[in-house]
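Pasting in a structure now, in structure tokens, and then I'll have a few things to ask.
Protein chains get the first letters and strands the later ones, always in sequence-line order, with residue 1 at the start of each.
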Number of protein chains: 2
Amino acid sequence: MAAMASKSQRAPRRTEALSRDVIVQAAVAILDAEGEEALTLRALTVRLATGYGAIYHHVADRDDLLGAATDHVIGRVVADTGGVGKPREALRSVAAGLFDAIDAHPWVGAQLTREPWRPALLDVYESVSANLHALDVPERAVPDSAGALVNYILGVAGQNAANARALAASKMDRETFLANVAARWAQLDPLRYPAMHKAGQHLREHDDREQFLAGIDLILAGIAAVNRG
Amino acid sequence: MAAMASKSQRAPRRTEALSRDVIVQAAVAILDAEGEEALTLRALTVRLATGYGAIYHHVADRDDLLGAATDHVIGRVVADTGGVGKPREALRSVAAGLFDAIDAHPWVGAQLTREPWRPALLDVYESVSANLHALDVPERAVPDSAGALVNYILGVAGQNAANARALAASKMDRETFLANVAARWAQLDPLRYPAMHKAGQHLREHDDREQFLAGIDLILAGIAAVNRG
DNA sequence: ACCTGAACACCGTTCAAGT
DNA sequence: ACCTGAACACCGTTCAAGT
């Protein structure tokens with residue numbers, strides 16, 4: 001009743017000061033809860049109880065915000081895992097840490113690829129290169145080797161993001177979604193698509209994280225083999 | 001003058017029938033010329049001299065069209081290169097063919113990752129798996145090995161797309177753009193980013209396509225090494 | 001300096017109406 | 001069956017105006 005007394009009541013406004021960091025955290029929360037396309041400027045103004053201009057005062061545009069959110073998630077992963085243990089273990093743990101972060105925040109997978117010059121990926125490259133160096137990979141072989149690892153990680157990251165989007169769009173639970181994918185593959189013509197047909201039959205026993213790490217090991221074995229010869 | 005006689009003259013309409021294929025080709029032309037964000041429904045109606053409904057009659061929505069355009073570009077690459085020569089050469093030539101297609105149509109790189117269940121990627125997986133099989137990779141090792149190769153290719157594809165977008169946005173020519181990237185890397189603190197700092201100094205001698213193929217060879221060497229042991 | 005929110009230009013998509 | 005194009009719901013972004 002009291003609220004109705006004055007016409008055209010304002011929405012309650014926030015009292016604490018806004019900052020780039022507060023905005024980035026709100027963006028991450030929206031992205032985690034509802035995915036990339038749910039991150040609209042309107043949704044942000046509602047969640048932060050503020051106006052458009054306030055957000056644009058701290059952030060250049062939507063892409064800048066998406067990039068900052070990605071850096072926010074990836075930054076600590078690399079810092080926490082890059083220098084731990086022997087180089088081979090450190091490499092595996094950077095990779096696993098990235099996989100887990102992208103699994104928890106699938107939108108990061110799409111974003112990492114989109115703006116590769118951002119700090120997030122720079123840190124990944126640097127950490128991978130440093131560990132390869134520690135593994136006694138010859139200096140001139142480091143860039144190609146690091147590129148193979150990082151690009152592989154980016155590929156998996158992108159696939160994860162796509163899968164998460166598809167899973168969300170399907171509105172099925174994870175179990176039935178995977179069963180559906182397997183069924184679609186199994187239905188493929190076994191003459192035209194023998195490998196995929198077969199893969200459809202074995203999807204149950206498949207673990208994404210294990211396969212990801214197997215790929216890392218494969219590439220590390222390749223790096224070792226090439227530099228031995 | 002004659003045109004002015006009747007008020008509210010209609011835009012000239014196409015005489016030939018519209019088809020999904022004609023629409024896909026127009027989409028590819030727009031994507032190649034101006035990039036992904038230039039592909040608007042409005043731009044399509046103008047180019048095809050038709051209305052929105054005509055397009056939606058042949059195509060589910062914008063994502064469907066983007067996917068069909070990707071299949072259009074990738075489909076023939078795999079068909080043309082997958083079965084040529086010895087398995088190792090066939091594998092290299094599928095990879096190189098994909099690289100060249102993505103280099104010529106950078107938007108494909110972003111799209112391939114976005115909808116991985118589409119025919120485009122299915123064909124790639126199948127071709128890679130078949131050639132690994134022909135390389136005598138043990139059956140149970142094929143999925144992980146194919147995954148490593150395909151995800152690596154997708155990672156590079158995504159980077160290529162991002163680079164093309166950045167190059168277009170910068171409005172520099174390729175030469176000065178690369179020089180700028182190199183300069184930015186070279187400016188990085190050599191203590192915090194020693195590897196990237198060094199990479200900035202060698203970017204001139206760097207060939208993306210060579211590095212891509214070096215990565216393929218690295219992974220193939222890894223596959224061979226893991227299955228030998 | 002920091003914030004408000006109406007207004008602008010532009011999307012993808014729909015659908016009643018036409019042939 | 002195939003096509004038209006006004007209309008709708010919704011974007012990101014701007015900017016005159018407020019504190």
Using residues 30-40 of chain A as the side-chain source, report each donor-acceptor pair under 3.5 Å to any protein atom, sequence neighbours left out, with the distance given to one decimal.
{"unit_1": "A:Asp32", "atom_1": "OD1", "unit_2": "A:His105", "atom_2": "ND1", "d": "2.7"}
{"unit_1": "A:Asp32", "atom_1": "OD1", "unit_2": "A:Trp107", "atom_2": "NE1", "d": "2.7"}
{"unit_1": "A:Asp32", "atom_1": "OD2", "unit_2": "A:His105", "atom_2": "ND1", "d": "2.9"}
{"unit_1": "A:Glu36", "atom_1": "OE1", "unit_2": "A:Arg114", "atom_2": "NH1", "d": "3.3"}
{"unit_1": "A:Thr40", "atom_1": "OG1", "unit_2": "A:Ala43", "atom_2": "N", "d": "2.9"}

For this session: Only counting residues at least two apart or in another chain, list the ones meeting side-chain contact (heavy atoms from CB on, under 4.5 Å) with B:Gln187.
Result: none
Problem set entry | With sequence neighbours excluded, residues passing ring-ring contact (aromatic ring centres under 6.0 Å, His included) with B:Phe99 | B:Phe212
Seminar exercise, completed: Stems with DNA chain D, 3 or more Watson-Crick or G-U pairs in a row (under 3.5 Å), are C:4-8 with D:12-16, C:12-16 with D:4-8
Exercise. By a strict heavy-atom criterion of less than 4.0 Å, which residues belonging to residues 64-71 of chain B are in contact with DNA chain C?
Worked result: none
Exercise. For the pair made of CG in B:Leu18 and C1' in D:dT4, what is the distance, rounded to whole Å?
Worked result: 12 Å
Exercise. How would you list all residue pairs meeting side chain to side chain donor-acceptor pair (under 3.5 Å) that involve residues 165-179 of chain A, not counting sequence neighbours?
Worked result: A:Asp173-A:Thr176
Exercise. For B:Asp71, what residues pass the side chain to side chain donor-acceptor pair (under 3.5 Å) criterion, not counting sequence neighbours?
Worked result: B:Arg118
Problem set entry | With B:Ala130 via side-chain contact (heavy atoms from CB on, under 4.5 Å) - residues at least two apart | none
Problem set entry | Whole angstrom value for the distance that separates P of C:dT19 from NE2 of B:His57 | 17 Å
Exercise. For C:dC3, does OP1 or OP2 lie under 4.0 Å from any side-chain N or O of A:His58?
Worked result: yes
Under 3.5 Å, which protein N or O atoms sit close to an N or O of nucleotides 8-12 of chain D? Give each pair with its distance.
{"unit_1": "D:dG12", "atom_1": "OP1", "unit_2": "A:Arg62", "atom_2": "NE", "d": "3.1"}
{"unit_1": "D:dG12", "atom_1": "OP2", "unit_2": "A:Leu41", "atom_2": "N", "d": "3.0"}

For this session: May I ask you to check whether A:Asn163 and A:Gln159 show a side-chain donor-acceptor distance below 3.5 Å?
Result: no
Exercise. What pairs meet the ring pair (Phe, Tyr, Trp, His ring centres under 6.0 Å) rule with one or both residues in residues 28-73 of chain B, with sequence neighbours excluded?
Worked result: none
For this session: Can you sort out the partners of B:Arg209 under side chain to side chain donor-acceptor pair (under 3.5 Å), two or more places apart, ordered by chain and number?
Result: B:Asp100
Problem set entry | For B:Tyr125, ring-ring contact (aromatic ring centres under 6.0 Å, His included) partners two or more places apart | none
Exercise. In whole angstroms, how far is the C1' atom of D:dA1 from the CZ atom of B:Arg20?
Worked result: 17 Å
